Number of protein chains: 2
Amino acid sequence: MTDSQARTSESTRARRSDAQRSVAAILEAAQACLALDPDASTAEIARAAGVGRVTLYGHFGSRLELVDQTFARSMARAEETLDQVDLSGDARDGLARLIGSSWTLIARSRSILVAAQRTLPPERIRELHDRPMRRVQDLIERGQAVGAFRTDLPTTWMVATFYSVLHGAADEITAGRLDSDSAADLITSTILPCFARDPAPSR
Amino acid sequence: MTDSQARTSESTRARRSDAQRSVAAILEAAQACLALDPDASTAEIARAAGVGRVTLYGHFGSRLELVDQTFARSMARAEETLDQVDLSGDARDGLARLIGSSWTLIARSRSILVAAQRTLPPERIRELHDRPMRRVQDLIERGQAVGAFRTDLPTTWMVATFYSVLHGAADEITAGRLDSDSAADLITSTILPCFARDPAPSR
DNA sequence: CCCAACTTGTACAGCACTGTTCGAGATACG
DNA sequence: CGTATCTCGAACAGTGCTGTACAAGTTGGG
């Protein structure tokens, strides 16, 4: 009664158009604000969305819920892009292509990930991270099966390394020690020899 | 007058022994607490040190100052250990030894680094990070000069990769997906082929 | 046109934290 | 032993946040 818009689960009653616009604006603003500061307050986000703080709480029960939806949306969007990456053919080429598409996404949404990690329970993070991670893992496993990638390292670890380097690259860029243009090539030429068969002729 | 112990720069007046003990206990507790939670409050730290909160503020002007000193001490200790690593001889072996010694240190002080990053200005972080980083950089450059490491990647980037993988390993351990025993070998056999000359025979 | 849905600012309660003050008590150390 | 140094708890001011309540306005949509 008192609360005008109580949605949160059940009641799929279509929202009025202006309400939909508000929600969209808030999510957009949250994405932008959290990217700048993972600790952005609801006041900041509401202001950036051009909306009253009360309105924000009308649509999202809590800050946590807002962060959750923002993160989920960010991941969903990323997945849309990743879905279009051609992973067939040579596993090495596939990995290169995957890197090319992934690293920009990661660089952009990394700060949101931090925000999510600070407010969401770990299992929720993993839940949303699972699908994109699985994608990498599948590719690596295929490469191993075909003999393109080394098999002396656990797949899990290789996936972790993949993400470590990508995130590291994002760090280097925000630190200004690396420019975005050369990033993809750099990452690729770093990871490929690390994943390739023949551990290196040294020793 | 009112403030009993005002040290902070100048006045190298020797502290009384119990005061020294308090300072030591606080720093130790800070290390432990910040390792568990990078946002640990002064109250928590004081309690863990078995000391009143007021006492803590008697020795450290602010939380920032405490974090700074804790981080600095942690880095100094790490450097002591790192100083004893033999980096002469084959660059690859040197790197392997450096990894062996570094990764434990990183795994232990990683959370403190996070705390430092959240409270200290970025240039202060860099200032304290500079020396250990230089160590890695020098080794890599030497390896490049001798022909052991590839030269097609910027040294800065290789250093960044080095740290990325180490931190990534630490993450994997705290996530329970990797056990401490196998970590060093895993890291080494990941990084070495990535740094080695002959980019890999593939393609 | 009308009403329910939506938005708004202000204001408030509650919390957690930082940093300071005070006054009294304990303790190192000369 | 005496004193400057140190420690303590309790208490307070100040800040910045979250989440809620209210009461009045605006707007979409049937």
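Below, all heavy atoms of this structure are taken into account, side chains as well, without hydrogens, waters or symmetry copies. Chain A is the first sequence line, chain B the second, and so forth, proteins listed ahead of strands; every chain is numbered from 1. Bear in mind that the values here come from a model prediction, so they are computed numbers and not experimental data.
- With respect to the salt-bridge test (charged N to carboxylate O, under 4.0 angstrom), the residues Arg21(A) and Glu28(A) do not qualify.
- Between His59(A) and dT7(C) there is a side-chain polar atom (N or O) within less than 4.0 angstrom of OP1 or OP2.
- Regarding Ile26(B), its CD1 atom lies at a distance of 11 Å from the C1' atom of dT7(D), rounded to whole Å.
- Looking at every heavy atom in both residues, Leu166(B) comes nearest to Ile187(B) through CD2-CG2, 3.3 Å.
- In terms of position on DNA chain D, the residue among Leu64(A) and Arg21(B) whose nearest nucleotide sits closer to the 5' end is Arg21(B).
- Residue Arg131(A) qualifies as open at atom CZ: its count of foreign heavy atoms under 6.0 Å is 12 or below.
- Ion pairing between a basic and an acidic side chain is recognised when a charged N comes within 4.0 Å of a carboxylate O; Asp83(B) and Arg135(B) show such pairing.
- With respect to the salt-bridge test (charged N to carboxylate O, under 4.0 angstrom), the residues Glu127(A) and Arg124(A) qualify.
- Taking every heavy atom of residues 32-53 of chain B and every atom of DNA chain C, pairs under 4.0 Å involve Ser41(B), Thr42(B), Arg53(B), by number.
- The side chain of Arg16(B) has dA4(D) as its nearest neighbour among dC6(C), dA4(D), dG19(D).
- Shortest non-hydrogen contact noted between Ala184(B) and Trp103(B) is CB-NE1, 3.6 Å.
- Between Leu56(B) atom CG and dT18(C) atom P there is a gap of 10 Å when expressed in whole angstrom units.
- Among the nucleotides dG19(C), dC6(D), dC6(C), the one closest to the side chain of Asp18(B) is dC6(D).
- Distance from the side chain of Ala19(A) is smallest to dC6(C) among dT8(C), dC6(C), dG19(D).
- For the pair Ser17(A) and dG28(D), the criterion of a side-chain N or O lying under 4.0 Å from OP1 or OP2 is not met.
- Among the nucleotides dT20(D), dG19(C), dC6(C), the one closest to any side-chain atom of Arg63(B) is dG19(C).
- Taking only side-chain nitrogens and oxygens, Thr55(B) never comes nearer than 4.0 Å to OP1 or OP2 of dC6(D).
- One interatomic measurement links the two molecules: CZ of Arg118(B) to C1' of dC17(C), which rounds to 15 Å at whole-angstrom precision.
- Using a cutoff of 4.0 Å between basic side-chain nitrogens and carboxylate oxygens, Arg77(B) and Glu80(B) are not scored as salt-bridged.
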